Amino acid sequence: MSEAFTGGCQCGAVRFRAEKLGRPSICHCRMCQKQFGSFFAPLVSADQAHLTWTRGQPTLYRSSPKVKRGFCNKCGTPLTFQSDGGVELAIGAFDHPERIEPEIQVYHDKRLPYVDRLFDKPSLSTEVQQERWASIESWQHPDHDTDRWPPEDEA
Ligand SMILES: [Zn+2]
Ligand SMILES: [Zn+2]
């Protein structure tokens with residue numbers, strides 16, 4: 001994949017632009033579960049020569065001698081997995097994650113016992129969800145680059 005992909009954290013303090021992505025994956029290892037606070041980590045490798053931090057920088061936590069994990073220190077969004085092998089970006093942090101479909105699973109043997117059944121669960125009624133969604137006032141950074149965030153109050 002070699003077009004421009006942008007993204008960033010939930011609060012907008014950290015933004016990136018990646019122009020060369022590798023293979024998207026999900027990792028089931030225990031350390032990725034912890035970093036993301038989730039069932040697995042969706043990550044895509046990015047060519048570092050074509051990766052620009054356009055606003056702020058991730059804060060790094062060294063989770064083992066060879067690995068650093070990046071996140072926004074204002075809102076906590078997980079952003080990177082960094083090792084000697086390069087940098088990987090959290091797929092959910094992209095402005096258009098729907099364009100980055102995982103192609104492979106890593107540490108599949110370590111997956112949570114119920115993970116294969118997750119999408120068999122019933123879902124909440126669409127009506128209830130639409131009402132809830134309509135009532136949300138979002139302060140989340142929008143899914144595109146901005147000159148300034150949050151916007152200055154013009155009043
Ligand atoms: Zn943030
Ligand atoms: Zn992992």
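Counting convention: from 1, in listed order, for ligands and their atoms alike. Here the structure is a predicted model, which means the values were calculated and not measured. Residue numbers start at 1 and run along the sequence shown.
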(message) I need the SG(C72)-the Zn ion (ligand 1)-SG(C9) angle, rounded to 10 degrees.
(response) 110°

(request) Would you indicate whether the side-chain heavy atoms of R15 and T6 approach each other to under 4.5 Å? (result) yes

(request) Taking the side chain as every heavy atom from C-beta outward, state whether I104 and R23 have any pair of such atoms under 4.5 Å apart. (result) yes

(message) For a 4.5 angstrom cut-off between non-hydrogen side-chain atoms, does F36 reach L43?
(response) yes

(request) If you have a sec, read the angle at the Zn ion (ligand 1) from C75 atom SG over to C11 atom SG, to 10 degrees. (result) 110°

(request) Compare all side-chain heavy atoms of F16 with those of T54 and state whether any distance is below 4.5 angstrom. (result) no

(request) Give a rough value, rounded to 10 degrees, for the angle at the Zn ion (ligand 2) between atoms SG of C29 and SG of C32. (result) 110°

